[in-house]
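What follows is a single structure, written as structure tokens, with notes after it.
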Amino acid sequence: MKRKTLISALSAVALVTSAGLAHAENKGEVEVLHWWTSGGEAKSAAVLKVMLEQQGYGWKDFAVAGGGGESAMTVLKTRAVSGNPPAAAQIKGHDIQEWADLGFLTTLDDTASSENWEKVLPKVVTNVMKYEGNYVAVPVNVHRVNWLWANPAVFEKAGAKVPTTWDEFIAAAEKIKAAGYIPLAHGGQAWQDATVFEAVALETMGTELYLKAFKQHDPDALGSPEMVKTFEKFRQLKQYIDKDSPGRDWNIATNMVIEGKAAMQIMGDWAKGEFAAAGKTPGVDYICAPAPGTAGMFTFNIDSFAFFKLNDANDAAAQKTLAKTILSPKFQEVFNLNKGSIPVRLDQDMSPFDQCALDSMATFKSANKSGDLVPSWSHGLATTSQIQGAIYDVVTNYFNDDKVTADATVDKLVRAVKAAM
Ligand code: GAL
């Protein structure tokens, strides 16, 4: 998205939003763009709609299917450039800065101060929500990305043990394959390839080198022997994935684990939302464990909504109520129970949450102290959308072409990141 193109497009069209419409039947309305369309995700989004409506405001759902949100972001750009953005959109990480920099977003500072966001939210979260010191987005949750989801019944039938290290993972995968099950459920889409690659990188590189490569974009870290090793290990995973994986949605892959067709999935804890929606119990029907070799480490992905400037006062009031509702303890509880993530409030009562969420919260806090809390680049928290896209391409092309070597790919990675900077 080029700044100039966007600005000229904007000045050419009047900024017409849904705000121009009268909503006699309620106090104001928000149109909300998001990509939460899987079973667990849709249940979670519905919580927000209901809570807003209970307060007399309208919710116009603008869901764009597609895990990871790439399609949603494309649609959002089109709508914004034509001068018709929604009131709120699920925008994360660096994208928040990019949209704010273009002048699209409204400030939430008054709500933030009346609701005490500075006090109730961790700094690692508020940093992402602010542009030039002002709140322009509201956080919904914290997702941990480096998780392994496992079906214990399949493990038992295969005589395998849920792995904690990379070597154990390979040993378990071999046994599961020999027993006639799919070891790793995966959907061949660029963002899912990137999600798995990220977990392998964390295991192989450790947090320090991970940050150097994916956050600071140090060419030595990007071109390091550890990066070559990461690509090699990543390719090793292919033999444990079934041939129907290309194009498969992530929640379909989760379902393969739920149904016992596959033993494991490496995916963020939105996968837990699918297990929950299917009525499954953690520790009984499924296991959540850190992705192999990443115990104590935490790749964070924070979902958030950014708010666009509106002209209609009623709709702006609806926006503010939405922001306030998102951070209310009640919403944080119900939403995150459905979504698989952990609440973003530091003072949240965690007693209704399961062991996976408690583990996630404990690791979030301990990793924050030890320096093992790192932003997920594959979900937009570590770098710009341009650099993220460049890395996606390199990772996914490598995964889909066995003729390309890890060495050549790492060279390509260094050049691609440089070009996108
Ligand atoms: C992530 C998002 C999650 C989840 C996932 C799959 O990027 O942060 O909330 O929805 O995509 O769609």
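Indexing begins at 1, ligand by ligand and atom by atom, following the structure's order. From a predicted model like this one, the values you see are computed outputs, not experimental measurements.
K161 has its side chain out of reach of F155: every pair of non-hydrogen atoms, C-beta onward, lies at least 4.5 Å apart. Looking at F275 and D285, their side chains never come closer than 4.5 Å, going by heavy atoms from C-beta outward.
Residue pairs meeting the ring-ring contact (aromatic ring centres under 6.0 Å, His included) criterion with at least one member in residues 314-340, sequence neighbours excluded: W36-F335, F331-F335.
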Pairs of nitrogen or oxygen atoms, one from ligand 1 and one from the protein, closer than 3.5 Å: please tabulate them with distances.
from: ligand 1; atom 1: 7 (O); to: K92; atom 2: NZ; distance (Å): 2.6
from: ligand 1; atom 1: 7 (O); to: H379; atom 2: ND1; distance (Å): 2.9
from: ligand 1; atom 1: 8 (O); to: K92; atom 2: NZ; distance (Å): 2.9
from: ligand 1; atom 1: 8 (O); to: N301; atom 2: ND2; distance (Å): 2.9
from: ligand 1; atom 1: 8 (O); to: D303; atom 2: OD1; distance (Å): 2.6
from: ligand 1; atom 1: 9 (O); to: W36; atom 2: NE1; distance (Å): 3.1
from: ligand 1; atom 1: 9 (O); to: D303; atom 2: OD1; distance (Å): 3.2
from: ligand 1; atom 1: 9 (O); to: D303; atom 2: OD2; distance (Å): 2.6
from: ligand 1; atom 1: 9 (O); to: K339; atom 2: NZ; distance (Å): 2.7
from: ligand 1; atom 1: 10 (O); to: W36; atom 2: NE1; distance (Å): 3.2
from: ligand 1; atom 1: 10 (O); to: E41; atom 2: OE2; distance (Å): 2.4
from: ligand 1; atom 1: 10 (O); to: K339; atom 2: NZ; distance (Å): 3.4
from: ligand 1; atom 1: 11 (O); to: W35; atom 2: NE1; distance (Å): 3.3
from: ligand 1; atom 1: 11 (O); to: G68; atom 2: N; distance (Å): 3.3
from: ligand 1; atom 1: 12 (O); to: W35; atom 2: NE1; distance (Å): 3.3
from: ligand 1; atom 1: 12 (O); to: E41; atom 2: OE2; distance (Å): 2.7
from: ligand 1; atom 1: 12 (O); to: G68; atom 2: N; distance (Å): 3.2

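In terms of the ring pair (Phe, Tyr, Trp, His ring centres under 6.0 Å) criterion, W35 has no residue partners (sequence neighbours excluded). Partners of E208 under the salt bridge (charged side-chain N to carboxylate O under 4.0 Å, His left out) rule, at least two apart in sequence or in another chain, do not exist in this structure.
In summary, E118 and K130 engage in a salt bridge, as defined by a charged side-chain N under 4.0 Å from a carboxylate O.
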